[in-house]
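A short write-up of the structure that comes next.
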Amino acid sequence: MTKHTTSSRTEKRKKLTLLRLFMKGSEKFFLISILSAAVTALADTVTPQIIRIAVDNAIGGKEADLPQWVMNWVNQLGGFEYLGRNLWILAIAIVLVALMQVISQYTFRVYTTKASETLVKSMRDRLFGHIEHLPFSWHMKNRTGDIIQRCTSDIDTVKLFLSEKLTAIFRIILLLTMSIIFMLSMNLKLTAIALIPLPFILAYSLAFNRKIHAGFTDCDENEGKLSAIAQENLTGVRVVRAFGQERSEIDKFETQNECYTKLWFKMAKLMSRFWTFSDIFSGIQVMLIVIFGAVFCVNGSMLEGEYIAFISYNAMLVWPIRMLGRLISELGKVGVSVDRIYYIMNSPVEQDEPGATEAPMNGDICFEHVNFGYDNATQILHDVSFTMKAGTTLGILGGTGSGKSTMMLLLDKLYELEPDCGRITIGGTDIRKISTEYLRRNIGMVLQEPFLFSRTIAENIGISSPQIELEQIRQAARAAALDDSITSFTNGYDTMVGERGVTLSGGQKQRAAIARTLIQNAPILIFDDSLSAVDAETDAKIRQAISQRFGTASIILISHRIATLSSADKILVLEHGRIVEEGTHAELKSAGGIYQQIYETQTSIQEVGTL
């Protein structure tokens with residue numbers, strides 16, 4: 001056995017385990033549904049036998065070749081001659097069987113729905129919960145639209161298969177088994193003729209399955225790309241409008257949609273060929289039964305009632321055989337969806353090292369020979385080393401791509417630092433040994449691009465503390481110089497923020513994000529260029545308020561604005577991922593380096609602006 005085969009079998013076992021995990025809580029509903037389907041199948045096979053008895057034995061007077069328990073039941077009713085004079089008894093028997101079929105069919109539908117909806121809830125809950133715990137780096141590598149498509153369309157595909165097709169399998173197996181048993185009991189030769197198409201249908205179904213699987217994979221992947229384009233455009237509609245890119249974005253969407261549509265046209269042709277062959281085989285089979293059955297009746301080797309019953313059983317046989325072909329083709333589609341969901345569920349979630357602790361977070365922050373590069377990218381940070389004393393303010397200046405934000409993402413463990421790439425410590429404890437949840441709870445970070453949810457302003461600011469009081473929210477908003485703006489709104493703090501904060505200005509969004517961070521009262525605060533959208537006066541007010549309120553906190557300021565960094569206890573200047581300058585504002589502004597150049601440039605611009 002090859003390594004690839006072993007790996008493939010292991011993957012299949014894992015996928016089956018995943019499906020069983022998803023089905024927890026819905027097993028009893030599926031069981032009742034399967035039992036109801038079995039009762040329905042049993043009722044389907046009983047009715048033709050009653051008709052056969054009526055035609056051949058009750059009316060035709062032929063000798064019966066029936067099981068003893070059936071003969072006992074007939075004798076209790078008065079025998080075949082009595083039933084021939086009172087056909088209403090057999091009619092009532094058919095009605096009772098039909099009634100049993102209706103009840104079982106109703107039960108099947110109800111519990112199939114319960115099972116499928118319980119299954120979907122379980123799948124969505126587990127999938128969303130898993131996604132929430134996946135590393136930040138995973139989210140950066142996977143498009144949001146594609147993830148959404150996996151959580152919606154692919155889940156629906158699996159749901160339909162498990163709720164409709166899986167339960168149907170048991171009914172199909174029972175119908176096939178009982179139909180073949182009854183057919184064999186009536187005519188062995190005609191049964192053999194009826195089963196001739198079965199191996200051909202299964203063979204070409206398996207042959208088509210590979211092509212169908214590949215086709216559905218292409219369709220699903222391109223649907224994910226289409227969803228991603230739509231999601232990105234709806235999110236960035238203001239940018240599209242601002243730059244007049246409507247036509248360009250429409251063309252991009254239409255091109256992808258055209259590709260997606262052509263793939264489905266290709267799948268439609270493939271499925272049409274599949275079902276055409278299926279119909280041909282089924283039609284030939286029915287034709288053979290009708291012809292040979294009539295011949296057997298004429299030469300006396302088959303009774304009329306048996307012929308009628310046989311045609312009924314053949315109809316039951318043809319449907320399951322065709323359904324087996326459909327199930328095989330559906331397996332290709334659901335297999336793709338399971339693979340796509342499995343990709344998410346098999347992605348490793350964030351995990352702390354064994355023995356991770358909740359170490360004090362009010363100590364010195366040290367970067368020791370840190371080297372880092374993103375996946376499949378050149379190295380960003382090169383041998384970065386510095387120490388930030390607890391309770392001080394650190395300023396970081398650098399051009400785009402110099403590694404400023406990367407350093408903060410590493411400090412917050414949003415990206416993992418490899419063991420041989422240096423280390424980062426807080427109070428002497430390597431952050432790898434600190435609980436991730438605890439670490440992030442004690443680091444307040446305002447990102448360069450603030451994100452606000454479609455909720456009220458109060459809910460956005462107090463998102464980290466659901467039970468927080470409005471006065472505490474207002475205090476944080478005042479510190480972020482946002483309170484006056486909010487109170488000027490008609491609904492104040494109950495004002496709904498549009499999707500991604502679209503109803504607020506850039507500066508208001510940044511200040512709302514700052515207020516949200518201040519609510520945490522974290523001992524470490526990071527402001528990643530988060531004052532860029534506010535004017536210099538507001539910038540100064542916010543820094544002063546933060547300094548007064550969080551005088552003992554360790555504050556990291558990342559900015560391109562020298563005025564923002566000038567009051568920092570220490571300033572780092574980064575260039576191409578290396579620390580090229582380090583010192584106070586007073587030291588660096590006359591050191592003849594990059595900092596002095598930027599300082600003089602910004603100072604001259606301010607002087608020109610005041611003229």
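Count residues from 1 along the sequence.
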Just verifying a value: how many Å separate [X] [atom1] and [Y] [atom2], rounded to the nearest 0.5 Å?
X: I193; Y: M287; atom1: CD1; atom2: CE; value: 11.0 Å
X: N460; Y: T495; atom1: CG; atom2: OG1; value: 11.5 Å
X: T118; Y: K159; atom1: OG1; atom2: NZ; value: 10.5 Å
X: T113; Y: F108; atom1: OG1; atom2: CZ; value: 9.0 Å
X: T112; Y: I32; atom1: OG1; atom2: CD1; value: 10.5 Å
X: Q149; Y: I147; atom1: CD; atom2: CD1; value: 11.5 Å

What heavy-atom pair brings [X] and [Y] nearest, and what distance separates the two atoms?
X: L134; Y: E350; result: C-CG, 4.4 Å
X: T456; Y: Y493; result: CB-O, 3.7 Å
X: I155; Y: C151; result: CD1-O, 3.2 Å
X: S337; Y: D154; result: OG-OD1, 3.0 Å
X: S347; Y: H130; result: O-NE2, 2.8 Å
X: F22; Y: L119; result: O-CD1, 3.6 Å

Give a yes or no on this: more than 12 heavy atoms of other residues, nucleotides or ligands lie within 6.0 Å of atom [atom1] of [X].
X: E27; atom1: CD; value: yes
X: Y343; atom1: OH; value: yes
X: R441; atom1: CZ; value: yes
X: H133; atom1: NE2; value: no

**Q.** Those residues that, when tested against V95, pass side chain to side chain contact (heavy atoms under 4.5 Å, CB included) (two or more places apart)
**A.** none
Q | side chain to side chain contact (heavy atoms under 4.5 Å, CB included) partners of I103, counting only residues at least two apart | A | L99, T107
Q. Is there a side-chain contact between I344 and W138, using heavy atoms and a 4.5 Å cut-off?
A. yes
Q: For the residue pair T255 and C259, establish whether any side-chain heavy-atom pair is separated by less than 4.5 Å.
A: no
Q | Listed once per pair and sorted, the salt bridge (charged side-chain N to carboxylate O under 4.0 Å, His left out) pairs that draw on residues 125-137, sequence neighbours left out | A | K121-D125
**Q.** Six-ring centre of F265, K262 cation under 6.0 angstrom, axis tolerance 45°
**A.** no
Donor-acceptor pair, [X] side chain versus [Y] backbone, under 3.5 Å?
X: D352; Y: T436; value: yes
X: Q256; Y: N222; value: yes
X: N257; Y: F253; value: no
X: S26; Y: F29; value: no

Q: Decide side-chain contact (heavy atoms from CB on, under 4.5 Å) for R455 and V497; before the verdict, give the C-alpha distance in whole Å, the side-chain angles of both, and the deciding distance to 0.1 Å.
A: CA-CA 6 Å; R455 304 174 190 175; V497 175; over 6 Å; no
(Q) Among residues at least two apart in sequence or on other chains, which ones pass side-chain hydrogen bond (donor to acceptor under 3.5 Å, both in side chains) with E416? (A) none
Please tabulate, for side-chain N and O atoms in residues 292-300, each donor-acceptor pair with protein atoms closer than 3.5 Å (sequence neighbours left out).
from	atom 1	to	atom 2	distance (Å)
N299	OD1	S301	N	3.0
N299	OD1	S301	OG	2.7
N299	ND2	V295	O	3.4

Q. With sequence neighbours left out, what residues match F136 under ring-ring contact (aromatic ring centres under 6.0 Å, His included)?
A. Y415
